[in-house]
Amino acid sequence: MIMYRLLWESRTNCKKCIEEERSLSRLTLIKENQSQVTVESLSKDLERRIVANPTGACPVDMTSSFIKMCLAQSCGKCVPCRVGLNQLARLFDDVLNNKADEKTLTLIQSTAESIYLSADCAVGYGAAEIALKCLEGCRDDFLVHIREGHCSCNSNEPVSCVNMCPAHVDIPGYIALVHEERYADAIRLIRKDNPLPSVCAYVCEHPCENHCKRNLVDAAINIRGLKKMAVDHAGEVPVPKCAASTGKKVAVIGGGPGGLSAAYFLSLMGHKVTIYEQRKKLGGMLRYGIPNYRLPRTMLDAEIKQILSTGIEVRTEISIGQDVSMDEIVKQYDACFVAIGAHIDKKLGIEGEDAKSGVISAVSMLRGIGDDVYPDFKGKEIVVVGGGNVAMDVARSSIRLGASKVSIVYRRRKADMTALREEVECAEAEGCDILELMAPVKVEVDADGNAVGLWVQPQMISNVVNGRPAPKKANKEMILLHSDVIIVAIGQGITTEYFEETGIPVKRGTFAAQDTGKITTSEGIFAGGDCVTGPATVIRAIAAGKVAAANIDEYLGFHHVITTDIDIPRATHDDKLPCGRAEVPMRDAFDRKDDFDPVEKGYSCEEACHESGRCLRCDNFGFGSFRGGRQSRW
């Protein structure tokens with residue numbers, strides 16, 4: 001007992017000594033406790049959950065949750081944040097619980113505006129801004145909650161990756177097939193919605209990964225990599241048999257991804273299809289805009305051959321308006337689908353751009369490469385203007401063509417580039433310099449009228465406009481970038497003049513078509529792809545072709561169904577433990593920069609099995625199963 005008392009007194013004295021020592025110290029280091037570590041981990045979990053948020057989530061419910069999270073972050077110092085956010089959360093709860101009326105919306109707006117204008121910090125006015133944004137953009141959802149007591153926001157496609165794919169390809173299905181090494185069946189399943197699986201295996205921008213539910217666990221499934229695995233190992237997979245002939249004829253103007261897709265599906269439906277293509281070969285921007293190292297020509301040619309095997313007729317080197325008129329096409333065919341791409345380059349609009357030599361467009365350069373005409377850049381200094389995928393393509397191609405130096409000039413930050421992150425990283429790895437926050441001012445021209453350099457004005461970052469920080473002129477001197485060739489890659493446009501003269505409406509440089517592809521002012525004419533949306537992605541053009549084919553079929557008086565009889569493997573109930581995402585291996589940058597051979601190697605069977613095994617099979621579990629899992633036909 002005496003020993004215990006002595007020990008207790010000793011510990012007490014030690015604690016007093018420590019407290020006295022702390023009181024005499026000027027500063028102390030703050031160590032993370034277990035609670036802080038846990039909160040940091042929870043924050044990362046929340047971030048992943050937001051990334052995986054499905055597109056059909058209720059905006060009112062989501063915003064209510066955000067407001068409550070902001071309330072939990074409040075320090076409680078200012079009344080607008082401490083009291084106002086609490087009141088705002090209650091008002092949202094009233095809407096969700098069917099206890100509100102339309103006057104509640106006015107109260108939500110006035111409360112949020114008051115908080116926004118008077119809160120001390122971003123915790124308060126940021127939350128108010130979220131509430132105001134939701135109220136303005138989703139007012140109809142609020143009204144449905146108030147009047148009918150439920151949410152109007154819903155998705156016809158319950159699987160996130162399928163919903164995010166413009167063509168609605170059965171992604172969980174073909175991932176399951178890849179997992180079982182049934183590669184040919186995977187290709188057949190993809191072709192139900194997308195007749196260009198090989199193309200998309202190499203160059204798709206994979207929007208399907210953006211809201212992949214696997215983000216809730218660790219990281220999105222490498223969907224494009226698994227599609228590539230199927231393409232690389234399936235061999236030649238015959239296309240389905242066509243339906244009986246309908247006796248109807250359809251003209252497709254443009255042999256790019258949109259036109260090829262529409263032609264393929266219309267031919268499967270039994271219609272006689274003829275493609276009119278302006279260039280020597282089919283493919284559009286797939287051939288004349290994407291270099292071989294990204295999309296091998298052998299793959300593209302094989303895919304086009306498969307599509308044409310359905311009985312499609314092709315007429316190349318035909319310009320509509322010169323070699324044949326729209327009136328002739330309308331008379332000869334029962335329907336017409338216009339799918340011309342964005343093949344016109346945009347100008348910088350600066351002094352010296354019209355120099356005799358030394359300034360070329362990315363479109364013309366890639367078009368030449370598509371016809372196997374390669375410029376000689378050996379030992380030359382190249383300056384590329386632009387920050388999109390096309391800019392990366394011409395920059396990386398210039399390296400392969402022997403350029404001694406390639407500089408990419410972009411007026412915004414590198415983080416704001418519209419090019420895919422992996423394309424930017426590959427360009428830098430292969431030796432391209434990215435000069436961010438540099439705006440072109442004028443082209444330096446020598447006495448003979450040839451371009452010898454580009455003057456750029458340094459920029460600095462400014463206010464956020466349309467979701468991106470806008471650049472503004474910095475108080476610095478202009479810089480001259482010496483060059484032998486300046487390549488302009490700031491976007492493409494559509495040739496609309498002739499088509500507008502024939503009665504197809506044009507709005508802001510693109511054709512004004514309905515979501516169905518129908519041109520309302522012209523009987524039997526449909527349009528889709530880049531000529532309607534402006535320059536977009538390959539998969540969006542493919543989706544436009546699929547939509548147009550379905551609606552042209554209906555217009556012609558039919559209702560053909562595109563389906564497949566592929567048996568999808570059953571989902572297992574194995575636990576999905578956190579694990580790393582397998583990236584597609586690439587050739588070493590030092591080796592690949594000297595040729596136009598494909599840069600990606602592809603998965604091994606072991607890597608593909610690992611990556612496909614990470615799929616959570618949303619088509620089988622949860623909401624996916626509740627809504628039927630998958631659409632086997634369209």
Side-chain angles (χ1 to χ4, degrees), residues 166-167 196 249-266 271 273-279 282-289 315-316 318-347 363 367 388 390 490-556:
L196 294 163
K249 298 191 298 181
V250 181
V252 173
I253 301 175
L260 287 169
S261 298
Y264 171 79
F265 289 123
L266 287 166
H271 308 303
V273 182
T274 302
I275 298 177
Y276 289 84
E277 169 56 44
Q278 187 179 34
R279 306 295 169 197
L282 296 177
M285 292 304 284
L286 299 176
R287 184 181 303 277
Y288 297 103
R315 297 186 62 187
T316 56
I318 299 292
S319 293
I320 305 300
Q322 296 179 13
D323 302 307
V324 62
S325 68
M326 278 297 292
D327 287 340
E328 291 176 281
I329 287 179
V330 169
K331 290 177 183 178
Q332 293 178 30
Y333 296 92
D334 299 293
C336 173
F337 178 54
V338 182
I340 59 173
H343 295 272
I344 304 300
D345 57 275
K346 290 186 177 180
K347 305 296 183 182
V363 172
R367 185 182 299 154
V390 173
I490 58 170
Q492 296 97 254
I494 320 295
T495 303
T496 60
E497 290 79 5
Y498 173 75
F499 293 95
E500 189 172 13
E501 291 172 4
T502 63
I504 296 179
V506 174
K507 184 177 181 180
R508 296 180 180 176
T510 57
F511 298 145
Q514 295 180 327
D515 292 340
T516 60
K518 183 79 172 66
I519 300 292
T520 55
T521 58
S522 304
E523 185 68 22
I525 296 181
F526 295 74
D530 288 356
C531 62
V532 173
T533 62
T537 61
V538 172
I539 191 62
R540 287 188 66 183
I542 291 170
K546 173 185 172 182
V547 168
N551 291 310
I552 289 172
D553 185 57
E554 292 286 333
Y555 169 78
L556 295 174

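This one's a predicted model, so the numbers in the text were calculated from it and none came from an experiment. We number each residue from 1, following the sequence as shown.
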Review point. How about Arg367 and His343: do any of their side-chain heavy atoms sit closer than 4.5 Å?
Key: yes
Check your understanding: Are any of the side-chain heavy atoms of Thr537 and Ile542 separated by less than 4.5 Å?
Key -> no
Revision key, fill the gap. So NZ of Lys347 and CG of Asp345: to nearest 0.5 Å the spacing works out to 4.5 Å
Review point. Between Asn551 and Thr516, what is the shortest heavy-atom contact and its length?
Key: ND2-O, 3.0 Å
Exercise for review: Output, in order, the C-alpha distance, side-chain angles, deciding distance and verdict of side-chain hydrogen bond (donor to acceptor under 3.5 Å, both in side chains) for Tyr333 and Glu328.
Suggested key: CA-CA 9 Å; Tyr333 296 92; Glu328 291 176 281; over 6 Å; no
Check your understanding: In Å and rounded to the nearest 0.5 Å, what is the CG to OG distance from Leu196 to Ser261?
Key -> 5.0 Å
**Study point:** Ile552 vs Val250 side-chain heavy atoms within contact, under 4.5 Å
**Key:** yes
Check your understanding: What closest approach, in Å, do Ala541 and Pro257 show between heavy atoms, and which atom pair accounts for it?
Key -> CB-CG, 3.9 Å
Practice item. Dump the intermediate steps for side chain to side chain contact (heavy atoms under 4.5 Å, CB included) on Leu282 and Leu260, then the final yes or no. Key: CA-CA 8 Å; Leu282 296 177; Leu260 287 169; 4.1 Å; yes
Practice item. Before giving the answer on side chain to side chain contact (heavy atoms under 4.5 Å, CB included), spell out for Asp334 and Tyr555 the whole-Å C-alpha distance, their side-chain angles and the decisive distance to 0.1 Å. Key: CA-CA 9 Å; Asp334 299 293; Tyr555 169 78; 5.9 Å; no
Review point. How about Arg279 and Arg287: do any of their side-chain heavy atoms sit closer than 4.5 Å?
Key: no
Point to revise | Inter-residue atom distance Ile525.CD1 - Phe499.CZ, 0.5 Å rounding | key: 9.5 Å
Check your understanding: Should the heavy atoms of other residues, nucleotides or ligands under 6.0 Å from CZ of Arg540 be counted, would the total exceed 12?
Key -> no
Review point. How about Phe526 and Ile519: do any of their side-chain heavy atoms sit closer than 4.5 Å?
Key: no
Check your understanding: Taking it one step at a time, do Met326 and Glu501 satisfy side chain to side chain contact (heavy atoms under 4.5 Å, CB included)?
Key -> CA-CA 10 Å; Met326 278 297 292; Glu501 291 172 4; over 6 Å; no
Review point. Just wondering, do Ile320 and Tyr276 contact through their side chains at under 4.5 Å, heavy atoms?
Key: yes
Point to revise | Separation between OG1 of Thr520 and CD of Gln514, rounded to the nearest 0.5 Å | key: 5.5 Å
Check your understanding: Any side-chain donor paired with an acceptor under 3.5 Å for Gln278 and Ser319?
Key -> yes
